[in-house]
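Each remark here refers to the structure printed beneath this line.
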Amino acid sequence: MLSVKWIRENIDVVRDSLKKRRAKADLDSFLRWDEERRKCAKEGDELKYLQNKKSKEIGKLKKEGKDIGDLVNEMQELAGKIKNLERKKKEYESKVNNFLLNLPNRLHPDVPWDENEEVKRWGKIPEFDFSVKDHQRIGEDLGILDFKAGAKVTGSGFVVCKGLGARLERALINFMLDLHIEQGYEEVLPPFMTNTSSTIGTAQLPKFREELYKCEKDDYYLVPTAEVPVTNLHREEILKEKQLPICYTAYTPCFRREAGAYGKKIQGMIRVHQFNKVELVKFTTPETSYEELEKLLQDAEEVLKRLKLPYRVVKLCGEELGFAASFGYDIEVWLPSQERWLEISTCSNFESYQSRRASIRYREESTGKTRYVHTLNGSGLAVGRCVVAILENFQDREGRVHIPEVLWPYMDGVRIIGKNS
RNA sequence: GGAGGGGUGUCCGAAUAGGCAAGGAGCCGGUCUUGAAAACCGGUGAAGGGCAUAGCGCCUGUCUGGGUUCGAGUCCCAGCCCCUCCGCCA
């Protein structure tokens, strides 16, 4: 979230950010609540000052064995007033707080206005001299993806990978993790459920409750991304400046309800309720976060480069940028069956939005003061969609799929998935 | 699931109702040293927020939320988390 003080002093920036996002918030009410809150705090402080002073006197008088009857009556009245003011203050405080939790991050000035902006393309879009199949057809024909089984075991929007399909998924996870370790990230295998505090910390709650699967009995949420458990590793901590940047990579499955997201272009494995993802998460100083974002983006891109999948990078516009992000890129991989780009990674800088919510700070060496870290993350990459891209881009006339060379060691040497392999 | 113990700063840890929430480690500086370590001396260090401001300062703050009290780290109630033992279990 944003700091109240900062909002108060930069109200125009907040308004502009909201406009760019095409989002709305009742800033005027917020400012009023904040003012009331401060008024109560000030009055309360003055009374408490009196209370502290007098109650010390009482202690002294009592020791001397003097009568304190009148003074105590006066104090009871004072205590009552303080209690009322505190109650009022808390009401305004919770209004302010609730508002802050539902207010999106402010945008970096470089965020484009109306449309995503392409900043880079890599690889050659494949040309086929036969009619291409979509991943769903390929997967089912080869017997490696089973949507019917997923629907039976759980429901629609779940898929079962079988045989070399399952193996491919697992190979990709291992390949990605190994690559990111080589790039300097520390591997983490976090819990796949998080508690309420963690889920608020990274801003999935309170606003995106509908997107989450919840275990009602325990108040735990299935993770929609590894970002949640991994960022919260350092919740309510004060880190040392020397430790930064901290870079983690983590594999988790991701669970998303995708409420109301059904549509034409998202059949098969492109949008499902459970998918695998390898995530990159960084904690940095405010001064280095944008540098680190560029590196993080490159680290994610490297996955596609090594797989030899054509992709492009776009700078996200205000409307498409995530609620908690200040600035971000999407990496999009080529999808032959639909002849379009498919989002396969989002790399974002949250600046201090998450760290303020989750209270993740560091002590600055030069001043000894605590400051909020900047948090960043990006998919490196969405594994299911990577399988989709491999099946489609590397299909041949016979309906077989050629496995990228970097994955051979992870596939026990299997180079082609065909009907009988 | 049952029984017991615990939660105080960056870390360890004292304070069981009446006073700036000890002390130590750490960190920074110095003395000593060829250099470092050790030792010694000094300093720093309690989140976060609000108010005041030339400057000193004031309020809040001991896991969270309530309560008792003139006054709560300390007493009472509820909750969360951690540890030990027992039970169950892959």
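Proteins come first, then strands; the chains are lettered A, B, ... in the order of their sequence lines, and each starts at number 1.
In the set G71(B), G50(B), G18(B), the nucleotide with an atom closest to the side chain of Ile58(A) is G18(B). For Val72(A), the listed nucleotide lying nearest its side chain is C70(B); candidates were U10(B), G50(B), C70(B). Considering only the side chain of Arg363(A), U10(B) comes nearest among U10(B), C58(B), C70(B).
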Let's go through Thr249(A) and His180(A) carefully: what are the C-alpha distance in whole Å and the side-chain angles of both, what is the deciding distance for side-chain hydrogen bond (donor to acceptor under 3.5 Å, both in side chains) to 0.1 Å, and is it a yes or a no?
CA-CA 7 Å; Thr249(A) 183; His180(A) 297 317; 4.8 Å; no
Which is it for Thr288(A) and Thr285(A) under the side-chain hydrogen bond (donor to acceptor under 3.5 Å, both in side chains) test, yes or no, and what are the steps along the way?
CA-CA 6 Å; Thr288(A) 57; Thr285(A) 62; 2.9 Å; yes
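For the C1' atoms, the distance linking G9(B) with G5(B) amounts to 23 Å, nearest Å. The separation of C27(B) from G79(B), taken at their P atoms, amounts to 43 Å, rounded to a whole angstrom. Only the C1' atoms considered, G67(B) is 29 Å distant from C83(B), to the nearest whole Å. Here, C12(B) and U8(B) have their C1' atoms 11 Å apart, quoted to the whole Å. A22(B) and C86(B) have their P atoms separated by 41 Å, given to the nearest Å. As rounded to the nearest Å, A25(B) and G42(B) have P atoms that lie 13 Å from one another. Look at the P atom in both A15(B) and G73(B): the space between them is 16 Å, to the nearest Å. Here, C20(B) and G45(B) have their C1' atoms 16 Å apart, quoted to the whole Å.
Using a 4.0 Å heavy-atom criterion, one finds that Arg8(A) contacts the sugar-phosphate atoms exclusively. Looking at heavy-atom distances under 4.0 Å, Lys90(A) makes contact with sugar-phosphate atoms alone, never a base. Here Lys83(A) lies in heavy-atom contact (under 4.0 Å) with sugar-phosphate atoms only. Among the protein residues, Glu237(A) comes within range of no part of the nucleic acid, since none of its heavy atoms lies under 4.0 Å from any strand. Within 4.0 Å of Ser359(A), counting heavy atoms only, lies no atom of the nucleic acid at all. Nucleic acid contact class of Lys48(A) (heavy atoms, under 4.0 Å, all strands): sugar-phosphate only.
Rounding to whole angstrom units, NZ of residue Lys42(A) and C1' of C58(B) are separated by 12 Å. Here U64(B) presents its P atom at 16 Å from CD1 of Ile200(A), a figure rounded to the nearest Å. Asn195(A) has its CG atom 14 Å from the C1' atom of G79(B), to the nearest Å. Per the geometry, CZ belonging to Arg235(A) stands 12 Å off C1' belonging to C80(B), to the nearest Å. Summarising the geometry, the separation between CG on Asp45(A) and C1' on A52(B) is reported as 11 Å, rounded to the nearest angstrom. Regarding Lys53(A), its NZ atom lies at a distance of 18 Å from the C1' atom of G18(B), rounded to whole Å. Between Glu77(A) atom CD and G71(B) atom C1' the separation is 17 Å, expressed in whole Å. If you take CZ of Arg38(A) and C1' of C59(B), they are 16 Å apart, rounded to a whole angstrom.
G26(B): Watson-Crick or G-U partner is U44(B), with both key distances under 3.5 Å. Remark: U31(B) base-pairs with A39(B). Criterion, Watson-Crick or G-U wobble with two distances under 3.5 Å. In this structure G57(B) sits in a base pair with C51(B), meeting the Watson-Crick or G-U test at under 3.5 Å. Pairing partner, C85(B): G2(B), with both Watson-Crick or wobble hydrogen-bond distances short of 3.5 Å.
Of the residues listed (Thr231(A), Asn232(A), Thr199(A)), the one engaging Thr194(A) in a side chain to side chain donor-acceptor pair (under 3.5 Å) is Thr199(A), and it is the only one. The salt bridge (Lys or Arg N to Asp or Glu O under 4.0 Å) test with Arg312(A) singles out one residue from Glu117(A), Glu332(A), Glu343(A), and that residue is Glu332(A).
Under the 30°/60° scheme for interplanar angles, the aromatic rings of Phe323(A) and Phe208(A) are found to stand perpendicular.
Judged by distance alone, the side chains of Gln204(A) and Tyr221(A) never bring a donor and an acceptor atom under 3.5 Å apart. Side chains of Glu351(A) and Tyr290(A): a donor on one and an acceptor on the other come within 3.5 Å.
By the neighbour-count criterion of 12 heavy atoms within 6.0 Å, atom CD of Glu405(A) is sparsely surrounded, having that number or fewer from other residues, nucleotides or ligands.
Within the 4.0 Å cut-off from OP1 or OP2 of G48(B), at least one side-chain nitrogen or oxygen of Thr370(A) is found. Between Gln76(A) and U69(B) there is no side-chain N or O to OP1 or OP2 distance below 4.0 Å. Taking only side-chain nitrogens and oxygens, Asn52(A) never comes nearer than 4.0 Å to OP1 or OP2 of G18(B).
In terms of position along RNA chain B, the nucleotide closest to Ala41(A) lies nearer the 5' end than the nucleotide closest to the other residue of the pair Ala79(A) and Ala41(A). Closest-nucleotide positions on RNA chain B for Glu93(A) and Gln51(A) were compared, and the one nearer the 5' end corresponds to Glu93(A).
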